[in-house]
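In what follows, chains are A, B, ... by sequence order, proteins preceding strands, each numbered from 1.
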Amino acid sequence: MSLFVDAFVTSILYAAFFSIAALGLNLVFGVMRIVNLAHGEFLVMGSYLAIALADSYGFNPVVSLAVVVPVFLAIGLLLYFPLVPRLQKSGDPEMSSFILFFGVSYAMEGLAVQLFGVSYQSLQYNLFKPIHVEILGYVMPTAWVVTAAVSVAALALVYFYLYRTGLGLQTRALMINRDEAMANGVNINAVSAIAFGFSIALAASAGVFSSFISYPTSPSIGDTFTLISFAIIIIGALGNPLATVVGAVVFAYAYGYTEIYAANWSSIVPFIILIAVILARPQGLLGRKAREF
Amino acid sequence: MGSSSTAASPGASGAKKGRSARNALMAVIVVIVIVVAGAAYFLTRPSGSSQQYITVGTLYASSGSFALSSGYQLAGLKLWINQTNAQGGLMVSSLGKKLPLKLIALDDQSSTTTATTLYTNLITQDHVDILVADFGSTLTAPAVAIAQEHHVLLFDPTASTPGFFTATNPYIVDLSILVSSEWPLVLAHYLISQKSNISRVAILYLNQAFTTAQAQTLDSTLVSAGISPVYYQSTSASSAAEYSTLLQSINATHPQAVLNFGYDTNDIAFYSALSANSMHFNFTFTIYSGLEYSLLHAQTPSGSLNYTYTYASPPDVQYTNVNLGPTTAAFVSNWTSIYGSSPNFNNIAGFNAGLLIGKTIETAGSLNQTAMRQAVNKLSGNTTTLEGPFVINTSTGAQIGMPMDLLQYQPSSSGLKPVVIYPTAVATGTAIYPAPAVVVSSTPLNSPAVVSAESYYSISSSALPASALCLRNDDGIAVSGVNRN
């Protein structure tokens with residue numbers, strides 16, 4: 001298989017993973033106009049829970065989702081009420097959220113150090129049998145394929161939630177115009193709390209698979225996930241959850257092909273694209289109108 | 001108007017005299033206060049003879065990307081401090097007494113910005129007698145200029161970037177690690193000696209000073225011997241997916257040897273990507289599989305390290321004929337009895353730094369920074385510790401002793417055995433080349449699915465294959481690993 005095709009396949013998997021990793025961040029911004037800078041730390045916590053479940057009970061990561069999703073959904077709901085409504089009352093929720101969640105991220109990293117130590121931890125490929133599968137002549141770990149499949153399933157669920165349920169309709173109404181949604185009887189706190197819970201659960205779900213395809217889990221890796229997720233949603237369209245997929249694809253392919261043809265530039269090119277997108281289309285590739293800064 | 005200014009009334013004259021008297025009194029009081037305060041300061045300030053302890057100031061990272069390695073180094077330094085204090089401290093001849101050590105360790109959280117502030121605080125606020133750098137070149141870099149500016153000697157345990165060491169800066173000395181540009185010399189000479197089998201070499205390196213220096217040395221040494229690497233690439237990759245793509249590029253060049261220069265997290269991702277792609281190379285080299293074997297063994301797919309190569313350093317290489325501190329084996333035994341697990345290289349580097357600091361103070365006979373630097377030079381060339389011969393460039397402070405030999409991890413009935421293969425004078429076996437392909441079984445493995453470095457220690461400390469020191473024949477002589485005199 002040529003390097004070009006090889007990078008194409010690897011980038012698809014990478015894009016699928018980062019779609020689910022960044023999706024929750026965009027959902028929160030779209031509904032609440034706040035930026036959760038602790039997003040990566042929630043992902044890391046999800047990863048640690050999956051590792052603990054595999055370590056203690058031998059849980060397959062897919063099975064772990066049955067625990068991780070409800071646990072972090074509940075955490076999200078519980079965190080929403082003391083944090084987010086106060087931010088909404090401030091004059092500049094976006095800026096206030098930056099500061100608040102910056103503090104939350106530091107607190108969570110410190111908590112992770114206390115709970116899990118500073119050592120790297122990973123799930124092993126042999127949690128899936130067979131360890132490798134061959135698709136179109138390309139041999140890859142089953143864990144990577146499962147990661148991509150779960151990501152696609154999560155995207156489908158989010159799509160279903162947003163476009164096929166009454167709650168989703170209210171959520172989209174909030175994204176489009178908060179005041180009009182409220183005037184039409186949308187319970188802002190209830191809808192926002194559920195969206196916040198989903199966001200945290202999505203991040204934690206990505207964390208379940210993160211050590212397979214991205215970085216070994218450690219307390220300090222959350223910042224990296226937040227940075228990449230933030231870049232992806234800006235490239236796609238800030239406030240449009242499904243545009244996250246486009247952002248992730250652009251980011252992953254920029255990374256993958258630069259790694260092949262100019263590895264020195266692999267950590268730079270995706271962010272050059274980010275800058276170019278901001279300059280050329282401030283609303284993002286799929287954004288409808290310019291953001292207000 | 002003129003008369004009124006010259007003919008003062010008796011009342012006005014009295015008032016003027018009164019003010020003069022008060023001014024004089026105030027001046028006397030001020031002088032007395034100054035004298036008393038000055039006397040109090042000079043009487044109560046800590047004088048040389050009243051010094052109660054030697055303060056050792058250092059930084060460590062409780063979080064961030066260097067937390068693990070930094071913690072290892074600090075643990076080694078702490079053990080030396082504890083052992084020294086248990087013996088009453090260090091003799092400072094200029095003070096005529098032994099002084100205990102007091103450690104001030106501040107948390108830089110792996111941030112160079114925070115480290116810059118804290119190094120300055122250690123010097124200007126805590127007035128430490130001994131300044132020890134945090135782990136590695138990245139977190140040592142901020143200290144180099146600060147120490148030089150304040151004329152404080154920086155004791156450097158594990159930073160090996162050549163640029164830190166110049167003849168114009170006498171305020172740094174590399175205690176426990178060979179300067180990084182020298183690390184791959186043994187490796188390069190081995191590859192050159194195997195030129196008939198290994199002529200297609202692929203070099204991948206992280207774009208950091210520590211790894212770039214090694215890659216450049218290896219590349220230039222090989223090129224000068226007529227071996228032009230078929231792949232020579234820097235990267236910032238740190239995830240398995242990124243390394244997967246890079247490995248496809250490398251594989252396309254059909255290399256006979258693949259050398260990856262990275263930190264621990266890079267090496268974990270590298271081996272994960274190798275496994276993910278079911279790739280196999282005849283010769284695979286990484287740095288941290290030797291420096292932090294337990295971590296790499298625990299966090300990489302089963303069998304990843306089989307037949308791979310790395311630098312041979314303590315504890316795999318053991319020094320028996322030391323003249324400062326314990327032998328490598330004695331230290332490992334002591335460490336294991338205290339902490340329940342074998343030490344790694346960075347533990348040893350931290351302890352070794354302490355040993356040399358202690359000897360430096362005793363040799364200097366004082367805590368004067370210049371005197372200590374001169375004392376370090378005196379130790380160079382005639383001191384051997386558990387880490388090997390201590391030899392520095394006395395002009396620059398760069399470490400040129402403590403060689404990095406080459407070892408291969410070879411499977412044995414008790415696990416992976418580190419076999420030193422080069423130089424031949426210290427070799428304990430021969431390389432198995434080409435490396436047999438590792439069969440990764442799809443059947444359930446004996447190893448747990450998830451293993452942290454710490455839990456690995458607790459699970460199988462007795463079976464730690466990296467501890468060549470545990471493998472002894474009936475005469476109690478180490479049969480794998482190197483015994484060096």
Without placing hydrogens or testing angles, list every side-chain donor-acceptor pair under 3.5 Å for residues 99-108 of chain A, not counting sequence neighbours.
unit_1: Ser105(A); atom_1: OG; unit_2: Phe102(A); atom_2: O; d: 2.7

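When each of Ile268(A), Ile260(A), Val139(A) is scored by its heavy-atom pairs under 4.5 Å with chain B, the top score falls to Ile260(A). Counting heavy-atom pairs closer than 4.5 Å to chain A, the top-ranked of the candidates Ala61(B), Ser62(B), Ala237(B), Gly71(B) is Ser62(B). Of the listed residues Ala269(B), Ser234(B), Ala273(B), the one with more heavy-atom pairs under 4.5 angstrom with chain A than any other is Ser234(B).
With a 4.5 Å cut-off on non-hydrogen atoms, Thr10(A) touches chain B through its side chain but not through its backbone. Only the side chain of Glu109(A) comes within contact range of chain B, with heavy atoms under 4.5 Å apart. Interface remark: Trp265(A) contributes no atoms to any contact with chain B (heavy atom separation under 4.5 Å). When heavy atoms are compared at a cutoff of 4.5 Å, Ala241(B) approaches chain A by way of both its backbone and its side chain. Contact of Ser110(B) with chain A is not made at all, since no heavy-atom distance falls under 4.5 Å. Using a 4.5 Å cut-off between heavy atoms, Phe212(A) touches chain B through its backbone atoms (N, CA, C, O) alone.
When the ring-ring contact (aromatic ring centres under 6.0 Å, His included) test is applied to Phe271(A), the partners found at least two apart in sequence or on another chain are Phe251(A).
A donor-acceptor contact closer than 3.5 angstrom links the side chains of Glu292(B) and Ser69(B). The closest side-chain donor-acceptor pair between Ser244(B) and Asn277(B) falls under 3.5 angstrom. Remark: the Tyr215(A) side chain and the Thr224(A) side chain contain no N/O donor-acceptor pair separated by less than 3.5 Å.
Residues Trp144(A) and Phe209(A) have side chains not in contact (no heavy-atom distance under 4.5 Å, counting atoms from C-beta outward). Looking only at side-chain heavy atoms (C-beta outward), Asp134(B) and Phe66(B) stay at 4.5 Å or farther from each other.
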